[in-house]
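Numbering starts at 1 and runs along the sequence shown. The figures that follow rest on heavy atoms only: side chains count, while hydrogens, waters and symmetry mates do not.
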Amino acid sequence: AFEIYGGTAGFYTYGPPGCAVKNNLIALWRKHFVIEEGLMEVEDTNIMPHPVLKASGHVDRFSDFMVQDVKDKQKFYRADKLLEDHMEALMAAKETTPEQKEEYEKVKNSADAYSKADLHAALQKYGVKSPDTKNDLTEPYEFNLMFPTPIGPSGLVQGYLRPETAQGIFLNFPFCYEQNGSQVPFGVAQIGKAFRNEIAPRQGLLRQREFTQAEIEFFCQPGDKPHPKFNNVADLELMLFSSPQQLAAQPAAPRKLGEAVSEGLIANETLGYFVGRTFLLARRAGILAEHIRFRQHLPTEMAHYACDCWDMEVEMSHGWVECVGIADRSAYDLTSHAKATGKELSARSKLPEPVKEQVYTIAKKAAAMIGKDFKKDAKAVQKHLDSLAPADLAALAEKAASGPVSMSVDGQTFELGAQHLDGKLEERTVHEQVFVPNVVEPSFGIDRLLTAIYEHSYYVRTDAGEEDEKEKGKDKSVRAVLRLSPEVAPYKCIICPLDARVTAAYGPVLGRLREKLSSMGIQYKTDETGASVGKRYARNDELGIPFGITVDFDTLDEKNTALFDTVTLRERDTTDQLRLPLSEVCEAIQKVCLGSETWESLQQRYPTQEQAKNGQTASAGSSSVAYLKEHNVESLLNLAVNEAIAKKPADPVKFISEFLASAPKP
């Protein structure tokens with residue numbers, strides 16, 4: 001960002017194609033979670049007042065450990081990342097023994113969870129220096145990552161740019177709970193900007209100071225936390241990198257989600273369900289399955305209130321990068337905000353059967369004495385008494401009958417007598433339970449996911465279609481392609497006139513295409529530049545555009561009854577081309593982009609360019625395929641080859657031939 005002013009680290013501007021891909025990824029996220037999971041969505045403010053983030057713990061604990069070059073005071077480094085990078089370098093060294101490599105791997109895996117003292121000891125032990133100057137480093141010290149900002153003209157109201165979108169959901173829990181008919185479980189999503197004053201922003205979009213988050217807070221009852229749709233993902237086999245594996249320097253291993261949950265490796269079904277759904281989103285967006293793993297937080301790394309936490313990490317050119325965090329945050333956030341505000345942030349559920357319970361009720365006269373004697377502190381004292389279990393409150397009253405008792409409330413000590421605790425223990429029938437909902441939180445870094453999509457989609461074309469082949473001999477440049485899924489591609493199709501002569505005459509056809517594509521909500525662009533159509537195909541392959549519509553002379557030639565008012569539709573990855581009626585091409589693109597049809601099914605319905613010119617239909621071109629399928633040739637060949645692989649005969653060709661000859665006929 002701000003490139004004409006020299007730029008500032010940690011801030012990036014998305015250009016038109018990048019902005020389109022990012023918006024499409026967010027739209028896919030919304031479809032995958034908000035729509036398919038029936039979530040609610042809120043939009044909260046980017047600036048939050050001090051009390052909110054004090055209660056959430058961000059003011060006191062949202063910090064990273066930083067070290068500084070002892071001589072060059074302008075050079076700062078994040079201590080744990082510096083240690084991780086140093087371990088990577090040591091492991092890569094030729095002289096490193098297997099035993100040392102295992103040691104370095106353990107340190108690297110644990111660095112993020114080290115305390116200040118642990119970090120300092122490790123930096124000293126392994127002789128870590130400033131990577132830029134090779135000078136010594138200071139001891140690690142805490143650096144709060146929030147951006148402070150004054151609120152109002154006086155500047156006396158302290159605020160911060162929000163470090164995460166989650167807190168806005170917790171603050172609005174009562175309203176969302178009411179919107180859901182006062183029923184639990186339910187989920188609330190929020191997508192928006194978050195801000196963190198990173199010590200050393202680097203690696204492009206992976207570590208920014210302003211970035212986009214998409215978070216879900218799924219509120220559920222405490223306990224086993226079952227999920228009604230868990231069976232939908234139970235059979236998914238994922239690479240899991242558990243805490244014990246990391247501490248033992250062992251690699252990640254494949255496990256089925258159902259087994260991981262039943263064995264207690266993943267804490268509960270709701271957490272496991274969102275792990276599975278996260279994996280499915282990543283695959284749907286174009287991230288390669290073999291480069292995805294889920295890493296469990298180490299015991300020392302996990303927040304004190306968390307039950308369990310797994311990060312979806314994606315292998316990229318920068319190594320394994322955390323892109324999503326999925327945590328069971330228990331009831332910490334709602335409890336903290338309820339305590340700070342005095343507001344009830346709880347839910348109710350009807351019990352299957354009424355139950356009897358003991359209740360100690362303080363008499364009205366005693367409550368009045370609390371107000372009289374403790375004045376401004378009376379509310380805090382009463383609130384503390386209300387939080388005690390009935391048996392504990394009754395025991396305190398019994399003790400006060402013999403003399404004053406001391407009680408500590410928010411760091412203050414109060415003396416209570418029998419007059420303050422007078423009441424009685426009663427039995428009452430309870431028809432519902434009151435509880436503070438627990439929360440399972442999937443938190444997505446949209447910019448990091450986008451980086452993974454770009455890296456996993458990029459490849460260099462080694463073969464080409466007919467038009468591409470014509471250009472191949474002329475142009476020696478690398479034929480790069482982004483294999484973006486149609487759902488996230490910046491534009492779904494490109495409209496190309498064959499050459500300048502067509503450009504001058506295809507106005508009415510272009511108008512019809514534009515009107516139809518726009519009305520269907522399909523993103524597109526036109527390319528009327530003077531380059532050959534092959535070069536234009538290649539140029540738009542680099543942008544990841546999945547389809548190309550080419551208008552040629554046959555499209556405009558009314559005398560050519562077979563091809564008039566038809567266009568060529570080219571698919572990016574295969575470079576195959578089909579001939580479609582102008583009236584049907586937009587619907588075909590839309591269906592493939594939505595996933596209701598495939599390119600292969602289009603090939604069964606429409607002729608190729610060559611077939612269309614010869615007056616053939618698609619079925620004529622596929623008759624040989626149909627013939628082979630009719631006689632079960634494909635499955636028999638597969639069976640014969642698998643048998644040959646299993647038995648490894650001296651002459652595999654002869655074996656396959658004899659196997660096919662003896663195979664039963666369909």
Looking at [X] and [Y], what are the two nearest heavy atoms and their distance?
X: Gly168; Y: Met48; answer: N-CE, 3.5 Å
X: Met302; Y: Cys309; answer: SD-N, 3.7 Å
X: Ile589; Y: Cys493; answer: CD1-CB, 3.9 Å
X: Val184; Y: Ala347; answer: CG2-CB, 3.8 Å

- Message: Does any part of the side chain of Phe33, heavy atoms only, come nearer than 4.5 Å to the side chain of Pro442, both counted from C-beta?
- Response: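 Side chain of Pro442 against side chain of Phe33, heavy atoms only: no contact under 4.5 Å found.
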- Message: When you compare the side chain of Asp235 with that of Leu257, does any pair of heavy atoms fall below 4.5 Å?
- Response: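 A side-chain contact under 4.5 Å is absent here.
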- Ser242 and Gln245: side chain to side chain donor-acceptor pair (under 3.5 Å), yes or no, with the steps? CA-CA 5 Å; Ser242 68; Gln245 286 171 307; 3.0 Å; yes
- Message: One pair to check against side chain to side chain contact (heavy atoms under 4.5 Å, CB included): Val592 and Thr598. What are the steps and the verdict?
- Response: CA-CA 5 Å; Val592 176; Thr598 64; 6.0 Å; no
- Give the C-alpha distance, both sets of side-chain angles, the deciding distance and a yes or no for side chain to side chain donor-acceptor pair (under 3.5 Å) between Ser262 and Glu259. CA-CA 5 Å; Ser262 64; Glu259 295 173 357; over 6 Å; no
Gap separating the [atom1] atom of [X] from the [atom2] atom of [Y], nearest 0.5 angstrom:
X: Lys343; Y: Leu171; atom1: NZ; atom2: CG; value: 12.5 Å
X: Tyr14; Y: Asp447; atom1: OH; atom2: CG; value: 3.5 Å
X: Leu484; Y: Ile545; atom1: CG; atom2: CD1; value: 9.5 Å
X: Leu25; Y: His32; atom1: CG; atom2: NE2; value: 11.5 Å
X: Thr300; Y: Leu247; atom1: OG1; atom2: CG; value: 7.5 Å
X: Ile494; Y: Tyr524; atom1: CD1; atom2: OH; value: 10.5 Å

May I ask you to decide if [Y]'s main-chain N or O and [X]'s side chain share a donor-acceptor pair within less than 3.5 Å?
X: Glu344; Y: Ser346; value: no
X: Asp541; Y: Leu482; value: no
X: Glu313; Y: Arg293; value: no
X: Asn180; Y: Cys176; value: no
X: His456; Y: Leu288; value: yes
X: Glu217; Y: Val188; value: no
X: Asp308; Y: Ala267; value: yes
X: Asn172; Y: Phe175; value: no
X: Glu301; Y: Leu298; value: yes
X: Ser601; Y: Glu597; value: no

Distance alone, cut at 3.5 Å: any donor-acceptor contact between the side chains of [X] and [Y]?
X: Glu210; Y: Tyr12; answer: no
X: Arg579; Y: Thr568; answer: yes
X: Ser443; Y: Glu441; answer: no
X: Tyr273; Y: Glu37; answer: yes
X: Thr165; Y: Glu215; answer: yes
X: Gln221; Y: Asn438; answer: no
X: Asp44; Y: Gln167; answer: no

Salt bridge or not between [X] and [Y]? Use side-chain N to carboxylate O under 4.0 Å.
X: Arg539; Y: Asp527; answer: yes
X: Asp333; Y: Arg329; answer: yes
X: Glu542; Y: Arg479; answer: no
X: Arg284; Y: Glu36; answer: yes

- By salt bridge (Lys or Arg N to Asp or Glu O under 4.0 Å), which residues pair with Glu88, not counting sequence neighbours? Lys108
- Message: Run the salt bridge (Lys or Arg N to Asp or Glu O under 4.0 Å) test against Asp311 and tell me which residues pass, sequence neighbours left out.
- Response: Arg295
- Are Phe218 and Phe274 close enough, and set up right, to give a ring-ring contact (aromatic ring centres under 6.0 Å, His included), and what steps lead you there? CA-CA 10 Å; Phe218 191 82; Phe274 281 105; 5.4 Å; yes
- Message: Set out, in order, the CA-CA distance, both residues' side-chain angles and the distance that settles side chain to side chain donor-acceptor pair (under 3.5 Å) for Gln183 and Tyr177, then state yes or no.
- Response: CA-CA 7 Å; Gln183 298 291 315; Tyr177 178 56; over 6 Å; no
- Would you verify whether the NZ or CZ of Arg348 falls within 45 degrees of the ring axis of Phe435 while also being under 6.0 Å from that six-membered ring's centre?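 Here Arg348 fails the 6.0 Å and 45° test against Phe435.
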- Message: Would Arg483 and Tyr458 count as a cation-pi pair here, with the cationic atom under 6.0 angstrom from the ring centre and within 45° of the axis?
- Response: no
- Task: Start with the C-alpha distance between Arg514 and Leu510, add both sets of side-chain angles, then the distance that settles side chain to side chain contact (heavy atoms under 4.5 Å, CB included), and finish with yes or no.
- Result: CA-CA 6 Å; Arg514 280 179 164 170; Leu510 177 61; 3.9 Å; yes
- Query: Given Phe147 and Tyr160, is the ring-ring contact (aromatic ring centres under 6.0 Å, His included) satisfied, shown in steps?
  - Reply: CA-CA 5 Å; Phe147 283 101; Tyr160 301 91; over 10 Å; no
- Lys256 atom NZ: more than 12 heavy-atom contacts under 6.0 Å: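 It does not: Lys256 NZ has 12 such atoms or fewer within range.
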Name each donor-acceptor pair under 3.5 Å that joins a side chain in residues 191-198 to protein atoms two or more places apart or in another chain, with its distance.
residue: Arg196; atom: NE; partner: Pro163; partner atom: O; Å: 2.9
residue: Arg196; atom: NH2; partner: Pro163; partner atom: O; Å: 3.1

- Query: Passes side chain to side chain donor-acceptor pair (under 3.5 Å), Ser317 versus Glu455? Steps please.
  - Reply: CA-CA 8 Å; Ser317 57; Glu455 287 204 12; 2.7 Å; yes
